[in-house]
There are 2 protein chains.
Amino acid sequence: MIYDNIYFQIELTARKIRQYGQNILRSHGIDITIEQWLVLNVINDNEATNQIYIGEKLVKDKPTISRMVNQLDKKGFILKISSSSDSRQVALSISKKGKTLIHNLQPIIEGIRLKGLQELSEQENQTIKSILNKIQKNLDN
Amino acid sequence: MIYDNIYFQIELTARKIRQYGQNILRSHGIDITIEQWLVLNVINDNEATNQIYIGEKLVKDKPTISRMVNQLDKKGFILKISSSSDSRQVALSISKKGKTLIHNLQPIIEGIRLKGLQELSEQENQTIKSILNKIQKNLDN
DNA sequence: TAAAAATAGTTAGCTAGACAACTAAAATTA
DNA sequence: TAATTTTAGTTGTCTAGCTAACTATTTTTA
């Protein structure tokens, strides 16, 4: 049966995480998607980074990053500045509005994380990471 | 860091599974998506089922199922017959072409499954299922 | 240095997931 | 039985993921 399949359960869990997180953000009236938050987070950790770097970190392709970056820009959370050394590149940084958002999001994101991972022992925590990693490596080659 | 986060790893693993599977199907010249295959599979296991049932099994909403069913119909893999007892419902079944596809897909799908799960012990198999289940339950209420 | 190849990012077109709003039929209930 | 509510499915709109094809720079190499 499909629903007993590990693949199915992984995909379903991923979807439920996104749904739960998105609902929490919406309930706080925060105008950002979970995926956009991930992008914002990478920029916050690496000021003046570019889209290629974000794609590498999040393992997403160029068009996906391009569109999410544009959304964040349109919403005023980031600044796009054309790189002076390489005009193909755009240096991304967090705007003041973005800084405020990130600050306000901190406890909310942590709450989302804790909600799903409650009652997970450190042992289980390590185990699932290592198993997921094994599956990813199996599929890589 | 994001990429050390369990949520991120679950989502990433789900994406890699889909990508790997889709590539294999494409390399066999099979015109179906992984998601469409899941729908086909549910119909195959439950002849004359309806879209609501499929949605329950796959935990997807009505519009998503509706569109995937239409794709499968357009491709000729299933038959949609309006239910005589309840004209709101559409009874779905596998066409001859669909039966052939399912037959041909069997070993390919199994190969995809084994590829990712190779080197996973029965113990790990059980463990990851139970942890994923725990996370899902945590998010449910 | 001129031509070719690589790189950063965008645009277009498709499927899927999510939500809201809708149609039409069936079941409830007043 | 007439009015209300529920149910099955569809349509529209948005975001995201993926592929392919594109522009415009920058780097390589012949």
Side-chain angles (χ1 to χ4, degrees), chain A residues 8 11-27 30-40 48-56 58-75 78 80-92, chain B residues 8 11-27 30-40 48-56 58-75 78 80-92:
Chain A
F8 181 77
E11 198 270 336
L12 179 55
T13 308
R15 249 186 306 133
K16 289 194 168 179
I17 291 168
R18 183 167 12 85
Q19 279 174 36
Y20 177 80
Q22 204 62 61
N23 284 341
I24 295 293
L25 294 186
R26 192 175 20 247
S27 75
I30 292 170
D31 177 31
I32 197 172
T33 67
I34 297 286
E35 287 80 11
Q36 286 166 18
W37 176 78
L38 286 171
V39 172
L40 203 63
T49 192
N50 66 1
Q51 298 188 15
I52 296 291
Y53 181 82
I54 298 172
E56 281 166 6
L58 301 183
V59 197
K60 295 185 180 185
D61 61 9
K62 292 190 293 175
T64 298
I65 302 296
S66 175
R67 283 174 185 124
M68 285 195 288
V69 162
N70 283 338
Q71 295 281 1
L72 290 171
D73 185 35
K74 210 193 299 176
K75 291 175 182 176
I78 62 168
K80 295 174 76 171
I81 297 167
S82 184
S83 164
S84 51
S85 58
D86 184 341
S87 67
R88 288 171 307 183
Q89 292 189 39
V90 178
L92 304 167
Chain B
F8 181 76
E11 198 271 337
L12 179 55
T13 308
R15 248 185 307 130
K16 288 194 169 179
I17 290 168
R18 182 165 17 84
Q19 281 173 35
Y20 177 80
Q22 206 60 63
N23 283 340
I24 295 292
L25 294 187
R26 192 176 19 250
S27 74
I30 292 170
D31 177 30
I32 197 170
T33 66
I34 297 287
E35 287 81 10
Q36 285 166 18
W37 175 77
L38 286 171
V39 172
L40 203 63
T49 191
N50 68 359
Q51 298 188 16
I52 296 290
Y53 182 81
I54 299 173
E56 280 166 6
L58 301 183
V59 196
K60 297 186 179 182
D61 64 5
K62 292 189 294 175
T64 298
I65 301 295
S66 175
R67 284 171 182 126
M68 286 195 286
V69 162
N70 283 338
Q71 295 282 0
L72 290 171
D73 185 35
K74 209 192 302 177
K75 291 176 182 175
I78 62 169
K80 294 174 77 172
I81 296 167
S82 186
S83 164
S84 50
S85 57
D86 183 341
S87 66
R88 287 171 307 182
Q89 292 189 39
V90 178
L92 303 166

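In what follows, chains carry the letters A, B, and so on, assigned in the order in which the sequence lines appear, proteins first and then strands, with residues in each chain numbered from 1.
In this view, B:Ile52 and B:Asn50, B:Glu56, B:Lys62 satisfy the side-chain contact (heavy atoms from CB on, under 4.5 Å) rule, not counting sequence neighbours. Judged as a salt bridge (charged side-chain N to carboxylate O under 4.0 Å, His left out), and not counting sequence neighbours, A:Lys80 has no contacts. Remark: B:Asp86 pairs with B:Arg88 by the salt bridge (charged side-chain N to carboxylate O under 4.0 Å, His left out) rule, at least two apart or across chains. Remark: B:Asp61 engages no residue in a salt bridge (charged side-chain N to carboxylate O under 4.0 Å, His left out) (not counting sequence neighbours). Residues passing the side-chain contact (heavy atoms from CB on, under 4.5 Å) test with A:Gln71, sequence neighbours excluded: A:Gln36, A:Lys74, A:Lys75.
Counting non-hydrogen atoms under 4.0 angstrom, B:Val90 reaches the backbone sugars and phosphates but no base. Within 4.0 Å of B:Arg67, counting heavy atoms only, lies at least one base atom of the nucleic acid. Across all strands, B:Asp86 comes closer than 4.0 Å only to sugar-phosphate atoms, never to a base (heavy-atom distances). Residue-level contact check: B:Gln71 touches the backbone only, with heavy atoms under 4.0 Å from sugar-phosphate atoms and none from bases. Counting non-hydrogen atoms under 4.0 angstrom, B:Thr33 reaches the backbone sugars and phosphates but no base.
Distance from the side chain of B:Gln51 is smallest for D:dT10 among the nucleotides D:dT13, D:dG17, D:dT10.
Reading DNA chain C from its 5' end, the first and the last nucleotide to sit under 4.0 Å from a heavy atom of chain A are C:dA6 to C:dC19.
Judged by distance alone with a 3.5 Å cut-off, no donor-acceptor contact links the side chain of A:Arg18 to the base of D:dG17.
Checking the phosphate oxygens (OP1, OP2) of D:dA16, a side-chain nitrogen or oxygen of A:Gln36 falls inside 4.0 Å. Residue A:Ser87 has a polar side-chain atom (N or O) positioned under 4.0 Å from OP1 or OP2 of D:dT26.
B:Leu92 contributes atom CG, which lies 5.0 Å from atom CD1 of B:Ile78 (distance to the nearest 0.5 angstrom).
Comparing A:Lys62 and B:Ser85 by the nucleotide of DNA chain C whose heavy atom lies nearest to each, the residue mapping closer to the 5' end is A:Lys62. Of the two residues contacting DNA chain C, namely A:Lys16 and B:Lys74, the nearest-nucleotide position lying further toward the 5' end is that of B:Lys74.
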